[in-house]
Amino acid sequence: MTGDGKADTIRISSVSLEADEWNVGLKVEINGKKVLYKKDCYYYGIEASLCTLKNGKVYLYLYNPGDDGDAYYCGLYQYKNGKLKCVLNMNKFYGSGKLGYHTNGEVKAVSGNKITVGIYQQNYELGGISVYFDYIYSKGKLVQSSNVTKDFECWALENNGGKLTANYHITVYTKKNCKEKAFILSEGDQIKIRNIYCKSGKMLLRVQKISDKQIGYIK
């Protein structure tokens with residue numbers, strides 16, 4: 001974990017602050033030294049795993065879920081200068097909450113110098129969704145390989161044969177900048193989601209209208 005080529009001892013523990021069971025903290029120690037500490041972040045349990053890349057770089061996935069999966073810690077951490085630094089905050093993947101709530105994530109796979117993560121959200125428009133993105137080690141840091149993914153799960157889609165129905169008139173745009181109108185979805189029109197674009201707290205759906213196969217982007 002520390003990068004010196006020697007085996008490390010990692011201890012992740014709950015810290016009881018008072019007799020009150022609601023007042024609990026979380027502490028991470030590496031080789032007996034405190035590297036991460038939050039004294040008040042109530043949770044039900046701790047999930048943790050090491051993600052070791054082919055190049056030897058190691059990241060700690062840490063998640064302490066509470067009510068509805070909400071957590072103070074949910075992301076990938078790297079040991080730097082005696083502390084654990086968050087390099088991917090999954091809680092903030094979709095921004096400040098304007099798209100939905102109950103955001104969290106998990107590591108799905110580690111392959112070569114790539115970590116695949118799934119980010120869940122209770123989305124205002126779509127309900128429960130998870131999108132999957134690859135993060136690749138490049139030039140000293142983990143970077144998102146693409147802002148577009150075809151790999152996603154949407155519970156509303158699964159419950160409706162892979163289709164969604166517009167509940168109101170929705171503008172569909174020709175490009176991701178959403179400046180030029182492509183067409184209008186009318187109430188009752190059905191669509192399929194082809195892929196999802198996520199960047200800087202913004203989400204766009206690339207959709208195809210079932211009736212005439214027109215394709216465009218929805219904010």
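What you see is a predicted model, and the numbers here were worked out from it, not measured in a lab.
Arg11 contributes atom CZ, which lies 13.5 Å from atom CG of Asn31 (distance to the nearest 0.5 angstrom). A distance of 9.5 Å separates CD1 in Ile218 from SG in Cys178, rounded to the nearest 0.5 Å. Going from atom SG of Cys154 over to atom CD1 of Ile129 covers 7.0 Å, rounded to the nearest 0.5 Å. With values rounded to the nearest 0.5 angstrom, Lys163 atom NZ is found 5.0 Å from Gln190 atom CD. Note that CG of Asn64 is 10.5 Å distant from CD1 of Ile12, once rounded to the nearest 0.5 Å. For the atom pair SG (Cys74) and CD (Glu106), the distance works out to 9.0 Å, reported to the nearest 0.5 Å.
Side-chain atoms of Val110 and Thr116, non-hydrogen and from C-beta on, never get closer than 4.5 Å to each other. Side chains of Leu204 and Lys219 form a contact here, defined as non-hydrogen atoms less than 4.5 Å apart. The shortest side-chain heavy-atom distance between Leu60 and Leu84 falls under the 4.5 Å cut-off. At a threshold of 4.5 Å between non-hydrogen side-chain atoms, the residues Tyr217 and Thr174 do not count as touching. Between Lys38 and Tyr73 the shortest side-chain heavy-atom distance falls below 4.5 Å. A 4.5 Å side-chain heavy-atom check between Lys213 and Gln208 finds at least one atom pair inside the cut-off. Within the 4.5 Å cutoff, side-chain heavy atoms of Leu76 are placed close to those of Val107. In this structure the side chain of Met90 reaches within 4.5 angstrom of the side chain of Val117, judged on heavy atoms.
Remark: the backbone N or O of Lys209 is not paired with any side-chain donor or acceptor of Gln214 at under 3.5 angstrom. The closest donor-acceptor contact from the side chain of Asn104 to the backbone of Ile119 lies at 3.5 Å or more, if one exists at all. Although no hydrogens or angles enter the test, the distance criterion places no donor-acceptor pair under 3.5 Å between the side chain of Asp70 and the main chain of Gly66. Side chain of Asn159 to main chain of Ala156: no donor-acceptor pair is present (N/O by atom type, distance under 3.5 Å, no hydrogens or angles). Looking only at distances, a side-chain donor or acceptor of Thr149 sits under 3.5 Å from a matching main-chain atom of Tyr132. Within the 3.5 Å criterion, the main-chain N or O of Gly162 finds no donor-acceptor partner in the side chain of Asn160. Counting only distance, with no hydrogens or angles, the side chain of Asp8 and the backbone of Met1 share a donor-acceptor pair below 3.5 Å.
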Inset, instruction - Could you give me the CA-CA distance, side-chain angles and deciding distance for Ile30 and Thr2, then say whether side chain to side chain contact (heavy atoms under 4.5 Å, CB included) is met? - result: CA-CA 8 Å; Ile30 296 180; Thr2 59; 3.9 Å; yes
Legend entry - Phe152 vs Leu157, side chain to side chain contact (heavy atoms under 4.5 Å, CB included): CA-CA, chis, key distance, verdict: CA-CA 11 Å; Phe152 60 88; Leu157 283 171; 3.8 Å; yes
Legend entry - Trace of the side-chain hydrogen bond (donor to acceptor under 3.5 Å, both in side chains) decision for Gln144 with Tyr135: CA-CA 4 Å; Gln144 193 172 321; Tyr135 281 80; 2.8 Å; yes
Inset, instruction - Could you walk me through whether Ile115 and Leu142 pass the side chain to side chain contact (heavy atoms under 4.5 Å, CB included) test, one step at a time? - result: CA-CA 9 Å; Ile115 301 176; Leu142 280 179; 4.1 Å; yes
Legend entry - Residues Leu36, Leu62; criterion side chain to side chain contact (heavy atoms under 4.5 Å, CB included); working and verdict: CA-CA 11 Å; Leu36 192 72; Leu62 183 63; 3.7 Å; yes
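Note: the hydrophobic cluster containing Tyr63 does not contain Val24 (ILVMFWY, side chain heavy atoms under 4.5 Å, direct or indirect links). Under the 4.5 Å side-chain heavy-atom criterion for grouping Ile, Leu, Val, Met, Phe, Trp and Tyr, Tyr77 is connected to Ile46 within one hydrophobic cluster. By the criterion of side-chain heavy atoms lying less than 4.5 angstrom apart, applied directly or through intervening Ile, Leu, Val, Met, Phe, Trp or Tyr residues, Tyr61 is grouped together with Leu53 in one hydrophobic cluster. Cluster annotation: Leu205 is not connected to Tyr197 through the hydrophobic network of ILVMFWY side chains, with a link wherever side-chain heavy atoms come within less than 4.5 Å. If you chain together hydrophobic residues whose side chains sit under 4.5 Å apart, Met203 and Leu164 fall into the same group.
Between the side chains of Gln121 and Asn123, at least one donor N or O lies within less than 3.5 Å of an accepting N or O. Side-chain contact annotation: Tyr43 with Ser14, donor-acceptor N/O pair under 3.5 Å present.
Residues Arg194 and Lys150 share a closest heavy-atom pair of O-CG, 3.9 Å. Of all the heavy atoms in Asn147 and Lys199, the pair that sits closest is ND2-CD, 3.5 Å. Considering all non-hydrogen atoms of both residues, Lys202 and Lys176 come closest at NZ-O, 4.3 Å. Nearest heavy-atom pair, Pro65 versus Gly45, reported as atom, atom and distance to 0.1 Å: CD-O, 3.5 Å.
Relative ring orientation between Trp155 and Tyr120 is described as perpendicular, the plane-to-plane angle rising above 60° on a 0-90° scale split at 30° and 60°.
Shown are Ser145, Cys198, Ser146; of these, the side chain to side chain contact (heavy atoms under 4.5 Å, CB included) with Phe133 is made only by Cys198.
Checked against a 6.0 Å centroid threshold, the rings of Tyr101 and Tyr124 count as neighbours.
Atom OH of Tyr137 has more than 12 heavy atoms from other residues, nucleotides or ligands within 6.0 Å.
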